[in-house]
Undergrad: 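Here it is, the structure in full.
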Protein chains: 2
Amino acid sequence: MDDHVIEARDHFIQGISRISSFWGFPKAMGAIFAVTYLSAEPVTLDELVKEAGVSKGAVSTNIRNLERLGVVHKKLKVGDRKDYYVAETDFWKIAKGILREREKNEFDLAIRSVGESLELLNSEVDQTTDVETSAFYKERMLALKKFFDSLDNLVATLLVIDDLKSNVVKTMFSKN
Amino acid sequence: MDDHVIEARDHFIQGISRISSFWGFPKAMGAIFAVTYLSAEPVTLDELVKEAGVSKGAVSTNIRNLERLGVVHKKLKVGDRKDYYVAETDFWKIAKGILREREKNEFDLAIRSVGESLELLNSEVDQTTDVETSAFYKERMLALKKFFDSLDNLVATLLVIDDLKSNVVKTMFSKN
DNA sequence: TAGATCGTTTAGTTCGAACTAAACAAAGTA
DNA sequence: TACTTTGTTTAGTTCGAACTAAACGATCTA
């Protein structure tokens, strides 16, 4: 293969790896996706081991996460025990998948803890001390909770946008 | 102070710490912000050391980053060498500040590398081998680049939204 | 059954981000 | 000048996420 092509490919893989790690995913995950994305044919686990330069175990776990996020798709061939993977090419779909995944898991779990803190304050029928402090905490925590709720609505709204509407978004923010 | 209030406060600080680390920031950074946010009065570095339970060095570097992001603000008092900090309470502003910061730095640096890879392919006037592969790479890389450009426009658009319009957004996505 | 071929799981290791402790710098005060 | 008070920087350490190597399980074939 032409040197320039190889160089471009390597540079691309490296770039995707950085993007991956920037968004809080493993670098290897990015490399694995990049290889899959640059492959015209479905790729096997062993090919990914070779092309992405990571161990079989790492490919196994990372590709599974990629599939869970909808970033790649598993394709089985009849009479073939191997798993084949192809990259999702609709990046808006990918973005939605990732957002949806973050929505559950850690995200609103952490957000929920703000609500819980607030409830702790509200259930505090005590008359002991520091009414002022308690009131101030309530005010601040409530303000943050409201922000999170709005954000939640925003994301939820984006998630229910179907393909038709999403095309509107694509058109709006594309230059050509 | 009332036990419930202390418990609520601790729970809140812990929650913010998790959110912080979830978004790729140090846990301590979240704790420091939480303490600042829950303080009615401007706080000093030494108070933060005590309240957030991290070392002076860590507070120093983290608070500086928080200020750079516009999450807290430094307040100086006349005839007082201490630095005082207050939390920004407009979370939409905070979100914008963080987005803006990510915009520079790593983000479009990584994105740029995709463009560079593409250029490497285009500057490849060679006639050697693999015309097909090269064409395929170009196609895929261009598709990704277009997506990134759209995303870039989207973020840029959000960033130039002034306070008036941003109130529209707030209203749109608040429940009450 | 034995052996080959897959993907997964586990035990152990590596590596870097983020922390602490402590030295340092700067700027005021006595 | 010496001492105090404040924030920053540096050297060294810790700790966990993510990796590798290798054992394992499952499934097909001869």
Side-chain angles (χ1 to χ4, degrees), chain A residues 13-14 16-36 42-69 71-86 102 105-106, chain B residues 13-14 16-36 42-69 71-86 102 105-106:
Chain A
I13 292 174
Q14 200 182 321
I16 302 298
S17 298
R18 294 184 59 180
I19 292 169
S20 176
S21 116
F22 178 75
W23 289 107
F25 300 105
K27 249 181 61 185
M29 195 164 154
I32 289 166
F33 170 73
V35 170
T36 310
V43 289
T44 65
L45 194 145
D46 280 320
E47 284 166 355
L48 287 170
V49 167
K50 195 185 162 202
E51 303 283 328
V54 290
S55 72
K56 206 160 68 145
V59 171
S60 177
T61 57
N62 278 309
I63 199 80
R64 208 179 323 130
N65 286 329
L66 282 171
E67 216 214 344
R68 189 174 44 82
L69 292 170
V71 179
V72 303
H73 303 287
K74 194 188 287 198
K75 265 200 168 331
L76 299 175
K77 297 187 178 181
V78 284
D80 192 338
R81 282 205 290 122
K82 289 198 200 79
D83 294 347
Y84 290 87
Y85 294 96
V86 290
R102 297 221 149 168
N105 290 1
E106 288 284 332
Chain B
I13 292 174
Q14 200 183 321
I16 301 299
S17 298
R18 293 185 59 179
I19 291 169
S20 176
S21 115
F22 179 75
W23 288 107
F25 299 105
K27 250 182 60 184
M29 195 166 156
I32 290 167
F33 170 72
V35 170
T36 310
V43 288
T44 65
L45 193 146
D46 280 320
E47 284 165 355
L48 287 170
V49 167
K50 195 184 163 203
E51 303 282 328
V54 290
S55 72
K56 206 160 66 145
V59 171
S60 177
T61 57
N62 278 308
I63 198 81
R64 207 178 324 129
N65 286 329
L66 282 171
E67 216 213 345
R68 189 175 45 80
L69 291 169
V71 179
V72 302
H73 303 287
K74 195 189 285 196
K75 264 200 167 334
L76 300 176
K77 297 187 180 180
V78 285
D80 192 338
R81 282 206 290 120
K82 289 199 200 76
D83 294 347
Y84 290 88
Y85 294 96
V86 290
R102 298 223 147 167
N105 291 1
E106 289 284 333

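Numbers restart at 1 for each chain; the letters A, B, ... are given by sequence-line order, proteins then strands. Being a predicted model, the structure only gives us computed values, none of them experimental.
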Undergrad: Could you check how far CG of B:L76 sits from P of C:dA27, rounded to whole Å?
TA: 14 Å
Undergrad: State whether the side chain of B:S17 and the backbone N or O of B:I13 hold a donor-acceptor pair below 3.5 Å, judged by distance alone.
TA: yes
Undergrad: Counting N and O atoms only, with roles assigned by atom type, does the side chain of B:S20 sit under 3.5 Å from a partner on the main chain of B:K27, one being a donor and the other an acceptor?
TA: no
Undergrad: Could you please name the option among C:dC6, D:dG7, D:dT20 that lies closest to any side-chain atom of A:S55?
TA: D:dT20
Undergrad: Which is more 5' along DNA chain C, the nucleotide nearest A:T61 or the one nearest A:D80? Just name the residue.
TA: A:D80
Undergrad: Determine whether B:L69 and B:F25 make a side-chain contact, defined as any pair of heavy atoms from C-beta on separated by less than 4.5 Å.
TA: yes
Undergrad: Within the structure, does a side-chain N or O atom of B:S60 lie under 4.0 Å from either OP1 or OP2 of D:dT8?
TA: yes
Undergrad: Taking only the side-chain heavy atoms of A:L45 (C-beta and beyond), determine which of C:dT8, D:dT20, C:dA18 contains the nearest atom.
TA: C:dT8
Undergrad: Got B:T61 and B:R64 here, is their nearest side-chain heavy-atom distance under 4.5 Å?
TA: yes
Undergrad: So, is B:R64 near the phosphate of D:dT9, with a side-chain N or O under 4.0 Å from OP1 or OP2?
TA: yes
Undergrad: Let's see if you can work this out: which of D:dC28, C:dA27, C:dT20 has an atom nearest to the side-chain heavy atoms of A:R81?
TA: D:dC28
Undergrad: What is the distance, rounded to the nearest whole Å, between atom CD1 of B:I32 and atom C1' of D:dG7?
TA: 14 Å
Undergrad: Mind calculating the distance between CZ (A:F22) and C1' (C:dA17) to the nearest angstrom?
TA: 16 Å
Undergrad: Rounded to the nearest angstrom, tell me the gap between atom CE in A:M29 and atom P in D:dA17.
TA: 16 Å
Undergrad: Can you tell me how far P of C:dG7 sits from OH of A:Y85, to the nearest Å?
TA: 7 Å
Undergrad: Choosing from C:dC19, D:dT20, D:dT6, which nucleotide comes nearest the side chain of A:V54?
TA: D:dT20
Undergrad: Starting at atom NZ of B:K27, determine the distance to atom C1' of D:dG16, rounded to an integer number of angstrom.
TA: 11 Å
Undergrad: Round to the nearest Å and state the distance from B:L48 atom CG to D:dT6 atom P.
TA: 14 Å
Undergrad: Whole angstrom is fine here: how far is it from CD in B:E47 over to P in D:dT5?
TA: 16 Å
Undergrad: Tell me if the side-chain of A:K56 makes a donor-acceptor pair with the base of C:dG7, cut-off 3.5 Å, by modelled atom types.
TA: yes
Undergrad: Should A:V59 and A:I32 count as side-chain neighbours, where that means a heavy-atom distance under 4.5 Å?
TA: yes
Undergrad: A:G57 or A:G24: which one's nearest nucleotide on DNA chain D is closer to the 5' end?
TA: A:G24
